There are 2 protein chains.
Amino acid sequence: MIDAQEKLSSMALTVFALNGLFLTVAEGLAVPAGLTATRWQVLGAVLREPLTQAEIARRMGITRQSVQRTANQLAEDGMLAMIPNPSHRKAMLLQPTEKGLAAIRAIHPQHAAFAGRLKTELGEERMVRLSDALTELRSAMDHLVPAEAD
Amino acid sequence: MIDAQEKLSSMALTVFALNGLFLTVAEGLAVPAGLTATRWQVLGAVLREPLTQAEIARRMGITRQSVQRTANQLAEDGMLAMIPNPSHRKAMLLQPTEKGLAAIRAIHPQHAAFAGRLKTELGEERMVRLSDALTELRSAMDHLVPAEAD
DNA sequence: CTCGAATTGACAGCACGCTAACAAATCGTC
DNA sequence: GACGATTTGTTAGCGTGCTGTCAATTCGAG
């Protein structure tokens, strides 16, 4: 019989620590390319197809308002362009500019390098297993924590 | 042969999502007791023994400055007391007041209840396995991300 | 004992998450 | 077509993480 309460606390603290570690890594990769971790994430969300603020927010699991501020900053920096949305006059579609794409490309090699180091550290089998474990835990938490309606 | 880069991104995004979920839960538990997730964490850190700001920060993996602000707020609210430190005149030790302990006690039943729900959702064996996976990943990331000197 | 290095607390300011509240646009039902 | 409900963008303000910088204190090498 385990102490579930103790286990929960320990898992939460570990997740908080991992969040900090991944954020540190992302920041370290993004900053040399003239981005931040957050801007990289937003820019990355519209690489495949243009999306609205609200769509990006839903996919990233954060609020529309947070996306908006970041998107505006990226637009000010000329990395993100607003294009008209045929199906909604007010909700413009966001897509990277050439400058934005260049920033993403600049990150790519360093990103791959760190991924390689993690794979070396963990081994391929373990990396897959741990990734699956994260997904499993997320799924369980999703069931217990209903999403906000907004 | 897996795509390590893709895997890394996916793991990072899942950790970010888990961070948000655990934070939402913690906030939901803490607020009814007159705390926030952060204040609960700081108060929880000095339950066993009084610690200085810097010691709390190291254990929580955050900066001294963040702990300081939270500790000051808890002190203003009468939940945290500063007691003299025999081995350092400037670095006072922090410990919960009776009011602080009462807040922690108020959280306890709800905390246990959520832990029970998670155990029910996952099953005991899986809960242990996922917790161990988190710890494993943290250890690997710790090796790749050297701590700041401060 | 002395003096430079390291630790600690304090204060200021920034980044980015959040909620709250509103108007504009769209959707759905009648 | 009309009208209430929903979605979207916008603005404002707060919480809490971070970095930078400084003075006070303690530690450690000589």
Side-chain angles (χ1 to χ4, degrees), chain A residues 15-28 30-31 35-43 51-77 80 82 84-94 145 147-150, chain B residues 15-28 30-31 34-43 51-77 80 82 84-94 147-150:
Chain A
V15 165
F16 294 157
L18 280 170
N19 185 66
L21 289 165
F22 276 112
L23 215 52
T24 297
V25 171
E27 205 72 34
V31 166
L35 291 173
T36 64
T38 300
R39 294 183 196 191
W40 177 20
Q41 230 186 319
V42 168
L43 215 44
L51 297 172
T52 64
Q53 289 182 12
E55 285 167 338
I56 297 171
R58 273 192 299 272
R59 298 199 183 190
M60 292 175 43
I62 62 178
T63 62
R64 292 173 292 123
Q65 296 89 328
S66 297
V67 170
Q68 184 188 24
R69 189 178 26 183
T70 304
N72 286 344
Q73 291 165 339
L74 283 167
E76 275 174 29
D77 287 359
L80 203 56
M82 318 275 203
N85 183 343
S87 66
H88 197 306
R89 192 160 10 128
K90 194 184 181 186
M92 304 285 270
L93 290 169
L94 302 178
V145 187
E148 300 289 311
D150 191 358
Chain B
V15 165
F16 294 157
L18 281 171
N19 185 66
L21 289 165
F22 276 112
L23 215 51
T24 297
V25 171
E27 205 72 36
V31 166
L35 292 172
T36 64
T38 300
R39 293 182 197 193
W40 178 19
Q41 230 186 318
V42 168
L43 215 42
L51 298 171
T52 65
Q53 287 181 12
E55 286 168 337
I56 297 171
R58 274 192 298 270
R59 298 199 183 189
M60 292 176 40
I62 62 179
T63 62
R64 291 174 292 121
Q65 294 88 330
S66 297
V67 171
Q68 183 188 24
R69 190 178 26 183
T70 303
N72 285 344
Q73 292 165 340
L74 283 167
E76 276 175 28
D77 288 0
L80 203 57
M82 318 274 204
N85 185 343
S87 66
H88 197 307
R89 186 151 28 113
K90 194 186 181 186
M92 304 285 270
L93 290 169
L94 303 177
E148 301 289 311
D150 187 2

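Chain identifiers are assigned alphabetically (A, B, ...) following the order of the sequence lines, protein sequences preceding nucleic acid strands; residue numbering begins at 1 within each chain. What you are looking at is a predicted structure, and each value in this text was computed from that prediction instead of being measured.
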- Note on the structure: Here the pair of heavy atoms bringing A:T38 nearest to A:T70 is CG2-OG1, 3.4 Å
- Between B:A26 and B:A37, the two heavy atoms sitting closest are CB-CB, 3.9 Å
- Message: How bent is the helix from C:dC1-D:dG30 to C:dC30-D:dG1, measuring the angle between the end axes built from five pairs each, rounded to 10°?
- Response: 40°
Just how far, in rounded Å, is [atom2] of [N] from [atom1] of [X]?
| X | N | atom1 | atom2 | value |
| --- | --- | --- | --- | --- |
| A:N72 | D:dG9 | CG | P | 11 Å |
| A:L35 | C:dC16 | CG | C1' | 15 Å |
| A:N85 | C:dA24 | CG | C1' | 14 Å |
| B:M92 | C:dA10 | CE | P | 9 Å |
| A:L94 | D:dG9 | CG | C1' | 11 Å |
| A:E55 | D:dG9 | CD | P | 8 Å |
| B:L23 | D:dC14 | CG | P | 20 Å |
| A:I56 | D:dT8 | CD1 | P | 12 Å |

- Task: Say whether, by atom type as modelled, one donor and one acceptor occur between the side chain of A:N85 and the main chain of A:L93 under 3.5 angstrom.
- Result: no
- Message: Is it the case that the side chain of B:E27 and the backbone of B:T24 share a donor-acceptor pair, with hydrogens and angles ignored and the cut-off at 3.5 Å?
- Response: no
- Task: Return yes if the base of D:dG15 and the side-chain atoms of B:R39 contain a donor-acceptor N/O pair under 3.5 Å, otherwise no.
- Result: no
- Side-chain donor/acceptor of A:R89 to base of D:dG9, under 3.5 Å: no
- Got a sec? Which of residues 57-65 of chain B come in under 4.0 Å of DNA chain C, heavy atoms? B:R58, B:R64, B:Q65
- Message: According to side chain to side chain donor-acceptor pair (under 3.5 Å), who are the partners of A:D77, at least two apart in sequence or on a separate chain?
- Response: A:R39
- Item | Under the side chain to side chain donor-acceptor pair (under 3.5 Å) test, residues paired with B:S66 that sit two or more places apart | B:T63
- Which is true for B:S66 with a 4.0 Å heavy-atom rule: it touches a base, it touches only sugar-phosphate, or it touches nothing? base
Measuring from [X]:[atom1] to [Y]:[atom2], what's the distance to the nearest 0.5 Å?
| X | Y | atom1 | atom2 | value |
| --- | --- | --- | --- | --- |
| B:M60 | B:L51 | CE | CG | 11.0 Å |
| B:L18 | A:F16 | CG | CZ | 10.5 Å |
| B:Q68 | B:Q53 | CD | CD | 4.5 Å |
| A:I56 | A:L94 | CD1 | CG | 4.5 Å |

OP1 or OP2 of [N] under 4.0 Å from side-chain N/O of [X]:
| X | N | answer |
| --- | --- | --- |
| A:T36 | C:dC16 | yes |
| B:T38 | D:dG17 | yes |
| A:Q53 | D:dT8 | no |

- Message: Quick check: on DNA chain C, is the nucleotide nearest A:H88 upstream (toward 5') of the one nearest A:Q73, or the reverse? Name the residue that is more 5'.
- Response: A:Q73
- Sequence neighbours left out, what passes side-chain contact (heavy atoms from CB on, under 4.5 Å) with A:R89? Give chain and number order. none
- Query: Can you list the steps and then say if A:R64 with A:D150 is a side chain to side chain contact (heavy atoms under 4.5 Å, CB included)?
  - Reply: CA-CA 9 Å; A:R64 292 173 292 123; A:D150 191 358; 3.2 Å; yes
- Between A:A91 and B:Q41, who's closer to the 5' end of DNA chain D by nearest nucleotide? A:A91
- Of the nucleotides D:dT16, C:dC11, C:dC18, which one has an atom closest to the side chain of A:R69? C:dC18
Sub-3.5 Å pairs of nitrogen or oxygen atoms, protein against nucleotides 1-6 of chain C:
none

